[in-house]
Amino acid sequence: MIALTSCWKSIEQMPPRRRMIAFLVWGEAWEVKRAADHLGLATSTVRVHLREARLQLRASVGHLVPFIEDEEDWGPA
């Protein structure tokens, strides 16, 4: 529970757009395309924000949570 709380506290400190994208994709389980369409952004922009959010989380709470790659964040192979 401490790890989850720490993750969300870290997300709350992110820039507004990155925070919103993280909330929609990770918190609300939206697909990248749905979040992009909702926010009027390109899917590649959403993926960049998710990558940056993940890097920020790794730096701030990575010692508490093992992170895995989310293929959807990186787009089609």
Side-chain angles (χ1 to χ4, degrees):
M1 189 66 161
I2 292 172
L4 181 59
T5 300
S6 296
C7 284
W8 283 112
K9 283 184 180 181
S10 181
I11 290 170
E12 289 171 357
Q13 301 303 311
M14 292 179 182
R17 181 170 288 174
R18 186 177 306 155
R19 181 176 61 237
M20 177 58 69
I21 290 169
F23 172 75
L24 292 174
V25 175
W26 296 335
E28 297 295 314
W30 283 22
E31 294 182 6
V32 169
K33 182 172 180 359
R34 180 178 177 195
D37 290 346
H38 177 75
L39 297 170
L41 301 171
T43 56
S44 60
T45 300
V46 171
R47 286 187 192 105
V48 167
H49 279 288
L50 288 172
R51 183 182 70 231
E52 293 300 317
R54 184 178 287 111
L55 291 172
Q56 186 173 340
L57 282 171
R58 280 185 181 137
S60 63
V61 297
H63 63 287
L64 298 172
V65 182
F67 286 89
I68 60 170
E69 295 300 326
D70 184 359
E71 284 186 30
E72 185 174 311
D73 290 356
W74 306 108

Requested in this report: Specify the closest pair of heavy atoms between S10 and S60, including all atoms of both residues, with the distance to one decimal.
Outcome: OG-OG, 2.8 Å
Query raised in the report: Are the side chain of R19 and the backbone N or O of E12 linked by a donor-acceptor pair below 3.5 Å?
Result: yes
Query - ring-ring contact (aromatic ring centres under 6.0 Å, His included) contacts in which one or both residues fall within residues 3-24, not counting sequence neighbours - result: none
Query raised in the report: Does A29 have any side chain to side chain contact (heavy atoms under 4.5 Å, CB included) partners at least two apart in sequence or in another chain, and if so, which?
Result: none
Query raised in the report: How long is the span from the CZ atom in R18 to the CZ atom in R51, to the nearest 0.5 Å?
Result: 10.0 Å
Query raised in the report: How many angstroms lie between CG in L39 and NE2 in H49, if you round to the nearest 0.5 Å?
Result: 9.0 Å
Query raised in the report: So how far is it from T45 OG1 to R17 CZ, rounded to the nearest 0.5 Å?
Result: 8.0 Å
Query - side chain to side chain contact (heavy atoms under 4.5 Å, CB included) between I11 and M14, intermediate numbers included - result: CA-CA 5 Å; I11 290 170; M14 292 179 182; 3.9 Å; yes
Query raised in the report: Of all heavy-atom pairs between A22 and L50, which one has the smallest distance, and what is that distance?
Result: CA-CD2, 4.3 Å
Query - Rounded distance (nearest 0.5 Å) linking atom CG of L41 with atom CZ of R47 - result: 12.5 Å
Query raised in the report: Is any side-chain heavy atom of L57 closer than 4.5 Å to a side-chain heavy atom of W26?
Result: yes
Query raised in the report: Looking at CD of Q56 and CD of Q13, how far apart are the two atoms once the value is rounded to the nearest 0.5 Å?
Result: 8.5 Å
